[in-house]
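Predicted, not measured: the structure shown is a model, and the values here were computed from it.
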Amino acid sequence: MIADHDELLDAALGLLRERGPLSDRELTVALADAGWGGVDELIEYVEEFDAPLLGILPDDRKVALDVLLAGRVLTHRLTAEEIAADVVEPDDYGSLLHLASGEPDVDGFEVVFLDDEANELAARGGESANWSDDEVLALPRGTLAHRSPGDLLAMIATDSGVRLDFVGGPVADAPELALRLTRRLRESVVIDLEEEVWHLLVDDPAAFTVPGLPLADIVEAAGFDRSGQLVAPRGFDFEAYGRDLMVGVYGDELGVPRDAALAVATLVSLATALEEDGEEDIQATFFARPELYTALADPAVMEVAAQELFDLDIDPEVLLLTAQRLLASGPREVKAAASWIAGRATEMQGFPTQAEDHYGHALVLDGAFDLALFDLARFASDRGDAVRGLSLLNRMAAGDAEPLHAVLEHFQPTPRPGLGRNHPCWCGSGRKYKTCHLGKGDHALSERAAWLYQKAKLHAQELGWRDQIVEYAEIRSEFWAGDAALFQALEDPLVTDVALFEGGAFADFVECRGDLLPPDEFALARQWQEVERSLHEVEEVRPGEGLTLRDLRTGDRRDIREVTASRMLHVGNMICARVVPAGDTWQIFGGIEPISQDRRPSLLAALDDETTDPADLVEILSERFAPVSG
């Protein structure tokens, strides 16, 4: 693992200054030879390097810009608006701005961002100019007072940075750049002007060392169009290209194809507009082309879209309104997806029965819509109906790979041959079998306690608690090595348990879904809410069976049914855990944390303090992973 990313980047820039442009592989090998680590370890860092002085050529080689641009001269043709405001657009100077010091007294200008300095530009009389960039160069007032439109202003790279100067005489042409642009545009629809200039400077050390024509003039004379640093043939639609590029990047981030990314972006934009502006002009703006939503018919795409909406913390009421608009005006193919997201929105509002109706309607519209099948399986699981839950999961693509599938398989009811639906139930309740235990297991509450815990975990993972779980996982894995550390922490029992109990997810589960639970499980869940995490001493070990623990905060002793830990712990060990009733037993869910003697005081203080933040508790219980100093 690389100890210091900044030091590695500095070393890479040093190698590029010394050797010139290098491919990622060449730079990685050079760093490895210099003792910075192994090639396989370094390559990912090198590929992700990003710094102002690190340029990337069209052939993907990296180059040190301070060396490449030293002594170069670029020019710009002044406009009447620029002269009046003593403001210059940086479009022709972009490359050399990498070398600017950022000090107006040194550079002779200040980089001003339009959004941040609107008042300053207005005071200069430049507020009405149609600036094409997001930033401009503000020169000292009066600098351009005696200049005329069309005059050339040069930016010159020096040892100390850059400086500005006026060009009074003839200037050199740049046929090499024009030829390069022409050749490259035969290979690509659009190219980056800045990168092409850099490549020319690599090939020709004498290029742009004396004042020449501005880049804008060169592009215009060659017969091309330009937008920012992009150059393309005449008539090119830069706006459409920009949209396509953004959608492509967004799709890469989401891990979905371009059409799916466009559908997700459109849905997110619809929800955002409804949240910010209400329903005004929604129909004309977002449903003129309803086919844009079609990719949402794929449950995998709709799941990505939903996560984007959840990450933006869209209000559930707005989310429901979004679903309703999609149901009313979207294409037929996405009706099931719209009904499903309506269910999620309703469930987030705390109305599970109405949510279940939406999920059921989604299956009426599309009987194979996986997201609705899964959520209905959750409802069946909460009710203790393992048979129905498995039936729903088995209708999903790869439903047997869902963790819930294994849970429901374990808790399937024992077959009762010869017992009809209308016969008295085997349990002696006096009710008919179909209304009592049909489809439901005959497992004791001590066994179903684990199922109850899994139901609560699934609630937290699916509905609104993901950010909290990720926050705790990041704390938990701070000292863990490897790229998979965070993913491992997301599965760590402590992380989920703190989110459930100290974080509030379990209370939300009981409030929202308690009515769905079998009565004895609901009562047990209420008992769990009264149990605090505590520090326990192991007083007796029964290997393969359980433990006797003494709560160091209350003095209570509990005989615990615990198979795995009973083979690992010893008398006298101290552990932090939540010991909960489970029918006729006491059990531990949410992990067992070993506690050393020296950490005992700080943990007890945190447990006794009702104001302890859940994140702080995770941090305290994760200190055991920190490297030992000295």
Side-chain angles (χ1 to χ4, degrees), residues 1-9 12 24-25 28 31-32 36-50 249-256 300-301 303-304 306-308 310-311 370 374 397-407 450 453-454 456-500 502-503 505 564-565 568 575-577 588-594 614-629:
M1 184 175 181
I2 303 302
D4 192 312
H5 181 273
D6 290 339
E7 289 185 5
L8 180 65
L9 179 57
D24 286 345
R25 186 70 182 180
T28 301
L31 287 167
W36 283 93
V39 170
D40 292 340
E41 178 186 23
L42 290 167
I43 187 67
E44 292 184 10
Y45 288 89
V46 171
E47 290 174 346
E48 297 300 322
F49 275 158
D50 184 26
V249 171
Y250 190 47
D252 290 341
E253 291 177 357
L254 298 178
V256 299
V301 176
E303 187 171 23
V304 169
Q307 190 56 52
E308 286 289 283
F310 299 154
D311 288 345
D370 281 359
F374 178 79
D400 58 350
E402 293 287 345
L404 179 59
H405 193 280
V407 173
Y453 191 80
Q454 293 299 322
K457 277 181 61 176
L458 195 55
H459 175 79
Q461 292 165 352
E462 292 294 324
L463 288 167
W465 302 90
R466 189 170 302 188
D467 288 348
Q468 201 174 85
I469 292 172
V470 171
E471 177 190 355
Y472 300 159
E474 289 174 343
I475 296 171
R476 184 68 165 169
S477 61
E478 179 182 1
F479 302 109
W480 295 6
D483 295 336
L486 178 60
F487 296 101
Q488 293 168 357
L490 288 170
E491 300 297 323
D492 188 89
L494 177 72
V495 167
T496 303
D497 198 66
V498 171
L500 281 172
E502 285 84 358
T564 303
M568 302 171 64
I575 62 171
C576 181
I588 295 175
F589 300 104
I592 295 174
E593 293 291 309
D616 293 337
L617 181 60
V618 175
E619 185 172 2
I620 291 169
L621 290 171
S622 302
E623 289 175 350
R624 62 190 176 98
F625 300 116
V628 179
S629 59

Closest contact, heavy atoms only, [X] versus [Y]:
X	Y	value
Ala577	Ile588	CB-CG2, 4.0 Å
Leu8	Phe49	CG-CZ, 3.8 Å
Ala32	Val39	CB-CG2, 3.8 Å
His459	Ala505	CD2-O, 3.9 Å
Gly503	Gln468	CA-OE1, 3.4 Å
Leu500	Ala460	CD2-CB, 4.0 Å

Can you tell me how far [atom2] of [Y] sits from [atom1] of [X], rounded to the nearest 0.5 angstrom?
X	Y	atom1	atom2	answer
Gln454	Lys457	CD	NZ	4.5 Å
Ile43	Tyr45	CD1	OH	13.0 Å
Glu491	Ile469	CD	CD1	10.0 Å
Glu44	Asp24	CD	CG	12.0 Å
Glu593	Ile620	CD	CD1	12.0 Å
Asp311	Asp467	CG	CG	6.0 Å

Within the structure provided, determine whether [X] and [Y] are in side-chain contact (heavy-atom separation under 4.5 Å).
X	Y	value
Glu308	Leu254	yes
Val495	Leu490	no
Arg624	Pro594	yes
Asp497	Tyr453	yes

Counting only heavy atoms not in [X], do more than 12 sit closer than 6.0 Å to its [atom1] atom?
X	atom1	value
Glu303	CD	no
Arg25	CZ	no
Phe479	CZ	yes
Glu47	CD	yes

_Arg476/Phe625 under side-chain contact (heavy atoms from CB on, under 4.5 Å): CA gap, chis, key distance, verdict_ = CA-CA 9 Å; Arg476 184 68 165 169; Phe625 300 116; 3.6 Å; yes
_Would you say Asp492 and Gln488 are linked by a side-chain donor-acceptor pair, where the criterion is simply a distance under 3.5 Å?_
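Result is no, nothing qualifies.
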_Centroid separation under 6.0 Å, is that true for the rings of His405 and Phe374?_
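Ring centres of His405 and Phe374 not closer than 6.0 Å.
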